[in-house]
Amino acid sequence: MSFHHLCSSPSSLLHDPLPLCNLLSVYPKSTPRSFLSSYNPNSSHFHSRNLLQATHVSVQEAIPQSEKSKLVDVDLPIPEPTASKSYVWVNPKSPRASQLRRKSYDSRYSSLIKLAESLDACKPNEADVCDVITGFGGKLFEQDAVVTLNNMTNPETAPIVLNNLLETMKPSREVILYNVTMKVFRKSKDLEKSEKLFDEMLERGIKPDNATFTTIISCARQSGVPKRAVEWFEKMSSFGCEPDNVTMAAMIDAYGRAGNVDMALSLYDRARTEKWRIDAVTFSTLIRIYGVSGNYDGCLNIYEEMKALGVKPNLVIYNRLIDSMGRAKRPWQAKIIYKDLITNGFTPNWSTYAALVRAYGRARYGDDALAIYREMKEKGLSLTVILYNTLLSMCADIGYVDEAFEIFQDMKNCETCDPDSWTFSSLITVYACSGRVSEAEAALLQMREAGFEPTLFVLTSVIQCYGKAKQVDDVVRTFNQVLELGITPDDRFCGCLLNVMTQTPSEEIGKLIGCVEKAKPKLGQVVKMLVEEQNCEEGVFKKEASELIDSIGSDVKKAYLNCLIDLCVNLNKLERACEILQLGLEYDIYTGLQSKSATQWSLHLKSLSLGAALTALHVWMNDLSEAALESGEEFPPLLGINTGHGKHKYSDKGLAAVFESHLKELNAPFHEAPDKVGWFLTTSVAAKAWLESRRSAGGVSA
């Protein structure tokens, strides 16, 4: 194999590693290969010692006869460097064996390592470098120069050593020495020196080869400048170099980190088809690419492909997968990946715990998130403001009041971060939703003392707090503060006012109507029509309510209608409640409330407020009465009401508990199903008998 061809194949060692030969005990069938035929300074398998152990052949330069006599005893036949394949066994107990061993290339390798260390330690000037090389005590051959430079680590001394060796030995292939010098710069992540050396090569008329570009590209990757790696990769063809599969696989990572996602994924498709060897770093970049783009299934697919190919994930990959599953709101998958991490012997670090807190916190996995938080505290790991706020926001959403206070106190006592506006907002929300007025007011005061003005979100929570405590005057006072601060009420704020009205005694509702009218005139008009029993022509209320629905965001439509129906139920205005429910059905705000199959008719109430659920029950009873008693329609074997099995986060009772009590008041034959939580079932016979008895009693009102 020619010298030029050998240097154009930087990945050969990955596929055809060099045999190791012991000069004291070899067999004729073990033919050593020239170190040049497999030279690759960038291969992970490349090791200078292999070069020395592998052969006695030099780089197109025969060892002089005088040098040969120094390496072996005169009684032993000397193998020719190019054609001879004969070897002589030497008794390892012979006195000559130890002498031969000392003079063998094993010993020479150790000497070259020491030479590299001495050159690393010397001052970076020509005189000192020359003194160290001169003091080596023997002639340096071209392969010796390669070994020496390959084992150096000092980027200041390496170029001086290179120039000295180029001048003193006139190597046949200068590009190799340049390439191993670039490896020194890569070790120190000094891309600037690598690029400068490349320019020097061109000035001296030395043509770069594949190994040159591979080294610079990997240096750019390790230096954290993937765009430069891409630039060097795209220069290869202009110098007549074609990247091998190892380089192409590395470019998946470089293109991905440089932001050229399409090219990275295109190369990855080729990699799978052509079965390139891909490292864990590249897989990590692919997972990040898919995660950023929101393709979370793609992240998992990459993970599975890694395992199928036998590539072991590192901790960075596990952390990125957990983070991606957190963004996808798939905490159960984050749990599985975390379990794999532990099973495979990794110790979670700060990034692991942070990703788990975010994953569990966003998905409102309260107990899991708090367990990770406490484990971090036990291990002495500090939390950032964002992690504290994630936990507090979670506590606010799921009603963990005491836990929120514990986390807030811990945050105040820690030295790494201070509460910010979001911190106080979450804390006030926790207290407000649980009706703890004094604690909410104290948190609001702390917020102001810390230099943060309350936001509309915070003041919305404060109004909700006063509403739960039925402190209507404080609600009005806080509303006026909002206007004084020049804050424009949004749909959520107005929805909060509407919700407060549903909790306010009827004699005090008038105090809030003025606030609602100022905040959102159209909502104020609809509320006045409900509360003040305004006489209006048929269809006027529906028109006003429709205009209100059209004026608000889709994210608050159901909340508004739920509150309006609740208000109607509180004021004993069932017809208006039914009218609003019907409007919600027409606008597809309420969907799937009733379902029919051959075996069961059902009413689904899971997404409704209590007032809206009672109204939907009333409408359903009317529909059942009409179907069975007037139209003569046959009921299926079962009839069911699905209330769901959850409870309100700040209440001890869910819809199921309230409905169970209400159904008993109605003497309805529906009973909670023992095997279906949240379902109340009855038979067609019992339902018909009940509906007939209610009609005889004079009504079917729920």
Side-chain angles (χ1 to χ4, degrees), residues 11 14-15 44 214 217-218 220-222 224-227 229-230 233 243-360 362-363 365 368 372:
S11 62
L14 294 175
H15 311 292
S44 61
T214 302
I217 288 168
S218 58
R221 287 178 64 203
Q222 292 178 23
V225 280
K227 289 184 179 179
V230 169
F233 175 73
D244 62 6
N245 290 354
V246 174
T247 305
M248 297 281 277
M251 291 310 300
I252 297 173
D253 169 64
Y255 274 112
R257 289 198 287 157
N260 192 338
V261 173
D262 292 338
M263 187 64 177
L265 296 180
S266 175
L267 284 175
Y268 180 57
D269 287 339
R270 277 190 62 187
R272 287 192 292 186
T273 303
E274 300 175 17
K275 301 187 183 307
W276 298 348
R277 184 174 177 177
I278 302 177
D279 59 17
V281 173
T282 300
F283 277 117
S284 177
T285 298
L286 287 166
I287 289 170
R288 182 183 61 80
I289 288 172
Y290 283 120
V292 170
S293 65
N295 185 351
Y296 303 114
D297 288 331
C299 296
L300 294 176
N301 289 339
I302 293 293
Y303 180 49
E304 293 302 323
E305 286 180 17
M306 280 188 70
K307 293 192 288 186
L309 292 170
V311 180
K312 293 183 178 180
N314 54 33
L315 191 57
V316 173
I317 287 176
Y318 281 119
N319 290 346
R320 281 189 172 169
L321 284 168
I322 292 170
D323 185 66
S324 295
M325 294 305 101
R327 294 176 187 277
K329 294 188 177 179
R330 301 179 186 176
W332 61 93
Q333 287 179 323
K335 271 188 175 184
I336 294 171
I337 294 166
Y338 180 61
K339 184 178 179 181
D340 287 350
L341 181 156
I342 300 297
T343 302
N344 289 323
F346 288 95
T347 300
N349 60 9
W350 186 91
S351 297
T352 312
Y353 288 121
L356 287 169
V357 168
R358 289 191 296 266
Y360 295 151
R362 286 171 181 159
Y365 270 40
D368 293 298
I372 295 296

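Annotation for R362 and K329: closest pair O-CE, 4.4 Å, computed over non-hydrogen atoms. Contact record, C299 with I287: SG-O, 3.4 Å, taken as the closest heavy-atom pair. Nearest heavy atoms, G291 versus Y296: O-CE2, 3.6 Å. When all heavy atoms of M251 and V230 are compared, the pair lying nearest together is CE-CA, 3.7 Å. Contact detail for A334 and L356: the closest heavy-atom pair is O-CD2, 4.4 Å. What you find for I278 and V311 is that their closest heavy atoms are O-CG2, 3.8 Å.
In the model, D244 has a side-chain atom that pairs as donor or acceptor with a side-chain atom of T247 under 3.5 Å. A side-chain donor-acceptor contact under 3.5 Å links N349 and N319.
Atoms CG and OG, from D253 and S284 in turn, are 8.0 Å apart once rounded to the nearest 0.5 Å. In this structure, CE on M306 lies 8.5 Å from CG on L321, to the nearest 0.5 angstrom. D323 contributes atom CG, which lies 11.0 Å from atom OG1 of T352 (distance to the nearest 0.5 angstrom). Taking NZ of K335 as the start and CG of D368 as the end, the distance is 3.5 Å to the nearest 0.5 Å.
In this structure the side chain of W276 reaches within 4.5 angstrom of the side chain of L267, judged on heavy atoms. In this structure the side chain of I302 never reaches within 4.5 angstrom of the side chain of R320, judged on heavy atoms. Within the 4.5 Å cutoff, the side chain of P313 has no heavy atoms near those of the F346 side chain. Side-chain contact between D297 and R330: present, with at least one pair of heavy atoms (C-beta onward) separated by less than 4.5 Å. With contacts defined as side-chain heavy-atom distances shorter than 4.5 Å, the pair R272/E305 qualifies. Contact of the N344 side chain with the I342 side chain is not registered, since no non-hydrogen atoms from C-beta on lie closer than 4.5 Å. For the pair V281 and R221, the minimum side-chain heavy-atom distance is below 4.5 Å.
Atom NZ of K227 sits in a sparse spot, with 12 or fewer heavy atoms from other residues, nucleotides or ligands closer than 6.0 Å.
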Does the pair N301 and Y290 meet the rule for a side chain to side chain donor-acceptor pair (under 3.5 Å), with working shown? CA-CA 10 Å; N301 289 339; Y290 283 120; over 6 Å; no
Begin from the C-alpha positions of I337 and L300 and carry the test side-chain contact (heavy atoms from CB on, under 4.5 Å) through to its verdict. CA-CA 10 Å; I337 294 166; L300 294 176; 4.2 Å; yes
Report the C-alpha separation of I252 and L286 in whole Å, then their side-chain angles, then the decisive distance to 0.1 Å, and conclude whether the side-chain contact (heavy atoms from CB on, under 4.5 Å) test is met. CA-CA 8 Å; I252 297 173; L286 287 166; 3.7 Å; yes
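Side chain of S218 to main chain of T214: a donor-acceptor pair is present (N/O by atom type, distance under 3.5 Å, no hydrogens or angles). In terms of modelled atom types and a separation under 3.5 Å, the side chain of S266 and the main chain of D262 share no donor-acceptor contact.
Looking at residues two or more places apart in sequence or on another chain, you find no ring pair (Phe, Tyr, Trp, His ring centres under 6.0 Å) involving F283.
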